[in-house]
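Report on the following structure.
These values consider heavy atoms only, across backbone and side chains, with no hydrogens, waters or symmetry-generated copies.
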Amino acid sequence: MSSWPSFAAALPAWLTVLVCAVSGACCLHRACTAGRPERGPAGGEAVMALGMAVMALPPGTAPWGARILPVLCCGAALHAVWLLRRGLHHTHHLVGSLAMAYMALAMYAVGGHGGHGGGAAAGPPLVTGALLLYYAAYVLLGGARLVAAGPAVSAAAGAGPGAGRGREDGEVARACRLAMGTGMLAMLLLM
């Protein structure tokens with residue numbers, strides 16, 4: 001029965017891993033089936049979601065993470081800076097990459113996953129607070145947009161197979177972004 005308290009303490013982390021991994025799988029599927037213009041953003045979201053799943057692993061599950069995650073997240077941030085040349089709509093990817101790099105560096109400084117519920121302050125509270133506000137607003141706005149989109153039933157749905165697929169794919173993409181934002185918010189709260 002002594003393992004029950006440790007399982008209960010790790011449950012939020014495992015749920016975050018699950019949500020991020022499923023979002024990553026959906027984004028990866030979208031990247032494989034989408035047309036050329038949507039393939040890049042869907043692939044980037046897949047990498048971000050799967051990286052978040054790895055980052056959210058409970059303490060002691062992945063001892064290599066404290067050394068490798070900061071390097072990978074900083075690389076993702078540099079890639080997001082490169083994407084900014086195509087337009088400011090990539091700013092969210094930059095914020096997300098920098099937030100992941102920040103959390104990975106904070107975890108490394110504390111000694112690996114110490115910031116995820118370990119009780120230790122894992123970064124400057126001002127930076128953590130600003131990221132919390134950003135992701136809280138992102139999740140609320142994303143949820144409102146998803147609800148406002150309504151059901152995926154369109155007038156052309158009866159026209160044949162795949163007639164409403166474009167709208168459904170857009171809603172899946174929004175739902176994945178919302179799940180990733182929620183996962184990021186949960187990880188920041190656990191710092």
Report task. Measure across L146 and E171 and return the closest heavy-atom pair with its distance rounded to 0.1 Å. Result -> CD1-O, 3.8 Å
**Report entry** Non-hydrogen side-chain atoms of R30 and E45 separated by less than 4.5 Å
**Finding:** yes
**Report entry** Any side-chain heavy-atom pair of V54 and L50 under 4.5 Å
**Finding:** no
Query raised in the report: Going by heavy atoms in the side chains, are M184 and M103 under 4.5 Å from each other?
Result: yes
Requested in this report: Can you see which heavy atom on M180 is nearest to which on M52, and at what distance?
Outcome: O-CE, 2.9 Å
Query - Closest non-hydrogen atom pair, P124 against Y102 - result: O-OH, 3.2 Å
**Report entry** Where A179 and S23 come nearest, the two heavy atoms and their spacing
**Finding:** CB-OG, 3.2 Å
Report summary line: G142 and L178 have their tightest heavy-atom pair at C-CD1, 4.0 Å
Query raised in the report: Tell me, which pairs form a salt bridge (charged side-chain N to carboxylate O under 4.0 Å, His left out) where one or both residues lie in residues 130-145, sequence neighbours left out?
Result: none
Query raised in the report: Do the side chains of V19 and T182 get nearer than 4.5 Å, heavy atoms only?
Result: no
Report task. Answer yes or no: is there a side-chain heavy-atom contact under 4.5 Å between C20 and M55? Result -> no
Requested in this report: Describe, in one word, how the ring planes of Y138 and Y135 are oriented to each other, choosing from parallel (under 30°), tilted (30 to 60°) and perpendicular (over 60°).
Outcome: perpendicular
Query raised in the report: If Ile, Leu, Val, Met, Phe, Trp and Tyr residues are connected whenever their side-chain heavy atoms lie under 4.5 Å apart, and connections chain through other members, are L98 and L105 in the same group?
Result: no
Query raised in the report: Any chain of hydrophobic side-chain contacts (each under 4.5 Å) joining L188 to V95?
Result: yes
Report summary line: Note: A46 and L28 closest approach over all heavy atoms is CB-N, 3.6 Å
